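This is a predicted model, so every value here is computed, not measured. The first residue of the sequence shown is numbered 1, and numbering continues consecutively from there.
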Amino acid sequence: MPTPRLLVQATSTCPKPLSTPSPAPPPPQTPDDSQDFFNYTYGRFLWREPQQLRARHRAFNAAALQAVAAQAAGAQSCVSMRKVWETDYFKLFRLVLDDGREVEARVPHPNAGAARYTTASEVATMAFARDVLGVPAPRVLAWSSAPEEENAVGAEYVVTEKVEGTKLVYLWGEMSLYEKERIIDELVEIEKRFLKVEFSKSGAIYYANEGLPGCEEVEITGDFSEDVRESLSRFAIGPTTEREFWKNGKSDMDLNRGPWRTAQDYFESIAHNEIAWLRRFATPDSLDMTNRWSVSYNQRIPEAHIEMLRKYLSVIPLVTPKDPDLISFRLWNSELHDQNVLVHEGKITCIFDWQAISVRPLFHSASVPHCIRYAGDLMLELPDNFNELDDEEKAEMRDTVSRSISSRLYSQKTEAQNPLLHKTLTHPHCDRIGELIACAEGTWDGDLVRLREILKRLERDWETLGIDAPCPYHFSAAELEKHRESAEGFNQSQDLWQQFSDKNMLRRDGWVFHETFELLVEMFAGLRDDGLRDCKNDPECTEEQWNDLEEATRWVLEHKRKGGGGEAVSSG
């Protein structure tokens, strides 16, 4: 999803949590025996690289993991093990057993989320999706969420059967429209299965017999067979595993992580938790400046963030939909995108990433699968002058038509077969409310300007929302002017990010392909020089603004000084 512009575009959005995939690395090559299982090897980071790599480094006992996998699969031993994939939050290994069968093992990174809870919920959620919903999820053979000192592997792990298939991201662009329609049919059916079940509480799914603190009984309603109905007692609802509720020191705080009984309780806990974190950890010196090219006014002032969150708390009860369908609690895999969908012989065989998936209010979860999203003008057939275009223009036109038809097909099929999802996706204000909730999280190391912009627009458009109450807050003319100035700088920086995003070269956290790392370091070095020079020559640029820019871009000098070399990361 493109990063939003503010002020200029009237439909700016913040990405929903967990719904936007990272750039897909090239298909992994078979590593040799010297492959380091423990380090993160699927990309580089332009800023905060030592910290980013440390957050993705996980040492464990590989021999013990092989023994566990062999035993779980009923084999004598494991004859080979290789890392075949790596995400931001886990490593995926393929193990060949002595009888020729293959299994897969996932080991979560330290940044994956709450210890014990994340793995325990991942396993239970996969079982719920597979056994209750009939969704193609991996079959678990063995797992452990025990602390490393109580676990022979020395890390949490999940061993699953291997599923045949290729990631949809590598197939979609080469598929015919007929082949894409078959995949769309399957995606719509999978989404329909998700929404056939309603929960009485919001949170993460766990096995009831795990006895994890905070887990509770939950009522699960739907059209089930008798066998499935009897199995529902295996599951409980407990604290959410959404990472925003645990990251940056929150795991050590006594916060409200659910289960929640109403959508409003869930939405309000987001802001209350952020306020508690800001009061404990946020100081001007703690602001992460390494990925910034502009800083909005009041970004360094914790109380300014708290003030915006209080505005959020005052308005969220008023703007939350009253339709019980839209605020019903449903399980939704927000990672249902083309990097996590496996396809074999034209059919979906597996949805394989279930880490940090929780039961949430539907309108805050539901989204269109990434490969089908299209925000441009619909073009359902090639133009009359198509044969007169050059090859590049023809390719662009074919792509536009393909995207348009896929988007139209998905919309039509969803309306006909999954009316609840269609009702949610087409609600006139769900996107606006969804971005408000999404942007209330992590403003300190994100951008306060995003949340302020959404709150400002809500006040501006209040009469169009159909709410029988006045807007509970007000921005003064002086505040709006300061915000406008900040938003101009923000928009300029977003133009830069959008250029890289369009080319799939760079994420906002600084992640890049190995192949493009040096090129981007040189490019940012030039941008740094130009930006500092322009700021110095601009009479309206203050010394503080120049210092902010210099500090925000200092990482370029560090990379050039080190010659672009990465730093080793130890288990400590």
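By the 4.0 Å N-to-carboxylate-O rule, D323 lies close enough to K423 to be salt-bridged with it. We find that R116 and E156 are not joined by a salt bridge, their nearest charged nitrogen and carboxylate oxygen being 4.0 Å or further apart. Checked for salt-bridge contact, E104 and K162 miss the test: no charged N lies under 4.0 Å from a carboxylate O. Ion pair E307/K311 flagged as a salt bridge, since at least one NZ, NE, NH1 or NH2 atom sits closer than 4.0 Å to an Asp/Glu carboxylate oxygen. Salt bridge absent: R257 and E244 never bring a charged side-chain N and a carboxylate O closer than 4.0 Å. Checked for salt-bridge contact, D509 and R48 miss the test: no charged N lies under 4.0 Å from a carboxylate O. Between R507 and D88, at least one side-chain N (NZ, or NE/NH1/NH2) sits under 4.0 Å from a carboxylate O, which counts as a salt bridge. Between E186 and K347, none of the side-chain N atoms (NZ, or NE/NH1/NH2) sits under 4.0 Å from a carboxylate O, so this pair counts as no salt bridge. Checked for salt-bridge contact, E198 and K196 miss the test: no charged N lies under 4.0 Å from a carboxylate O. Note on D185 versus K180: no salt bridge recorded, every NZ/NE/NH1/NH2 to OD/OE distance being 4.0 Å or above. One finds no salt bridge joining K167 and D338 here, because no Lys/Arg side-chain nitrogen approaches an Asp/Glu carboxylate oxygen to under 4.0 Å.
Looking at heavy atoms from C-beta onward, R432 lies in side-chain contact with L458 at the 4.5 angstrom threshold. Here the side chains of P110 and R58 are in contact, with some heavy-atom distance below 4.5 Å. Inter-residue side-chain proximity for N340 and V169 is flagged as unmet; no heavy-atom pair is nearer than 4.5 Å. Between F93 and R106, every side-chain heavy-atom pair lies at or beyond the 4.5 Å cut-off. Looking only at side-chain heavy atoms (C-beta outward), P108 and Q355 come within less than 4.5 Å of each other. Residues V197 and T221 have side chains not in contact (no heavy-atom distance under 4.5 Å, counting atoms from C-beta outward). Proximity of L362 to L420: side-chain heavy atoms (C-beta onward) are separated by under 4.5 Å at one or more points. Side-chain contact check for V159 versus V140: every heavy-atom pair is 4.5 Å or farther apart.
Judged purely by atom type and a 3.5 angstrom limit, R130 uses its side chain to pair as donor or acceptor with the backbone of A137. Side chain of S411 to main chain of S407: no donor-acceptor pair is present (N/O by atom type, distance under 3.5 Å, no hydrogens or angles). Proximity of a side-chain donor or acceptor of R94 to a complementary backbone N or O of V84 within less than 3.5 Å is not detected. The backbone N or O of F90 lies less than 3.5 Å from no partner atom in the side chain of W85, so there is not a single donor-acceptor pair. Panel note: side chain T320, backbone Q264; no donor-acceptor pair is recorded below 3.5 Å. Looking only at distances, no side-chain donor or acceptor of N209 sits under 3.5 Å from a matching main-chain atom of R234. Between the side chain of N333 and the main chain of D353, a donor-acceptor pair closer than 3.5 Å is present. Panel note: side chain D98, backbone G100; no donor-acceptor pair is recorded below 3.5 Å. Looking only at distances, a side-chain donor or acceptor of S200 sits under 3.5 Å from a matching main-chain atom of E219.
Closest approach of Y40 and E86 over heavy atoms only: CA-OE2, 3.3 Å. Minimum interatomic distance between L309 and L451 (heavy atoms only, all atoms of both residues): CD2-CD2, 4.1 Å. Contact record, T349 with G165: OG1-CA, 4.1 Å, taken as the closest heavy-atom pair. Closest approach of T283 and W444 over heavy atoms only: O-CZ2, 2.9 Å. The heavy-atom pair separating R360 from S202 by the smallest distance is CA-OG, 3.7 Å. Contact detail for I351 and P138: the closest heavy-atom pair is O-CD, 3.3 Å.
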Determine, step by step, whether R54 and E49 satisfy the salt bridge (charged side-chain N to carboxylate O under 4.0 Å, His left out) criterion, reporting the C-alpha distance in whole Å, the side-chain angles of both residues, the deciding distance to 0.1 Å, and the verdict. CA-CA 8 Å; R54 193 173 299 113; E49 186 165 56; over 6 Å; no
Are L187 and I372 close enough, and set up right, to give a side-chain contact (heavy atoms from CB on, under 4.5 Å), and what steps lead you there? CA-CA 10 Å; L187 289 172; I372 303 171; 3.8 Å; yes
Derivation of the side-chain contact (heavy atoms from CB on, under 4.5 Å) call for E435 and R450: CA-CA 9 Å; E435 65 189 30; R450 297 173 186 264; over 6 Å; no
Audit row: T41, K83, side-chain hydrogen bond (donor to acceptor under 3.5 Å, both in side chains) steps and yes/no: CA-CA 10 Å; T41 57; K83 183 164 65 175; 3.0 Å; yes
Using the rule given for side-chain contact (heavy atoms from CB on, under 4.5 Å), can you reason through Y312 versus I437, listing the C-alpha separation, both sets of side-chain angles and the distance that settles it, and then say yes or no? CA-CA 8 Å; Y312 165 94; I437 297 165; 3.9 Å; yes
side-chain contact (heavy atoms from CB on, under 4.5 Å) between T443 and M308, intermediate numbers included: CA-CA 10 Å; T443 60; M308 290 302 113; over 6 Å; no
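Every pair tested for ring pair (Phe, Tyr, Trp, His ring centres under 6.0 Å) that includes a residue from residues 142-161 fails, sequence neighbours excluded, so the list is empty.
Checked against the 6.0 Å centroid criterion, the rings of F235 and Y207 qualify as a close aromatic pair. The aromatic ring centres of W511 and F513 sit less than 6.0 Å apart. Between Y410 and Y374, the ring center distance fails the sub-6.0 Å criterion. Two rings, from Y206 and F128, have their centers 6.0 Å or more apart.
Note that OG1 of T240 is 12.0 Å distant from OH of Y117, once rounded to the nearest 0.5 Å. Between L421 atom CG and R330 atom CZ the span is 11.0 Å, to the nearest 0.5 Å. Between atom NZ of residue K413 and atom CD1 of residue I184 there is a gap of 7.5 Å, rounded to the nearest 0.5 Å.
Of the candidates V135, L168, I183, I348 forms a side chain to side chain contact (heavy atoms under 4.5 Å, CB included) with just one, namely I183. Checking each of N39, N111, D36 against H57 for a side-chain hydrogen bond (donor to acceptor under 3.5 Å, both in side chains) leaves exactly one that passes, namely N39.
Taking the ring centre of F38 as origin, the terminal cationic atom of R56 falls outside the region bounded by 6.0 Å and 45° from the ring axis.
Classification of the F363-F267 ring pair by plane angle, with boundaries at 30° and 60°, yields perpendicular. Aromatic ring orientation, W260 versus F245: tilted (interplanar angle from 30° to 60°). Ring planes of F194 and W332: tilted class, angle from 30 to 60°.
Under the 3.5 Å distance criterion, with hydrogens and angles disregarded, a donor-acceptor pair is assigned to the side chains of T262 and D265. Side chains of T241 and T118: a donor-acceptor N/O pair is absent below 3.5 angstrom, by distance only.
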Donor-acceptor pairs under 3.5 angstrom involving side-chain atoms of residues 67-81: please list them, not counting sequence neighbours.
none

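Within 6.0 Å of CG on D223 lie no more than 12 heavy atoms contributed by other residues, nucleotides or ligands. Other residues, nucleotides and ligands contribute at most 12 non-hydrogen atoms within 6.0 Å of the CD atom of E217.
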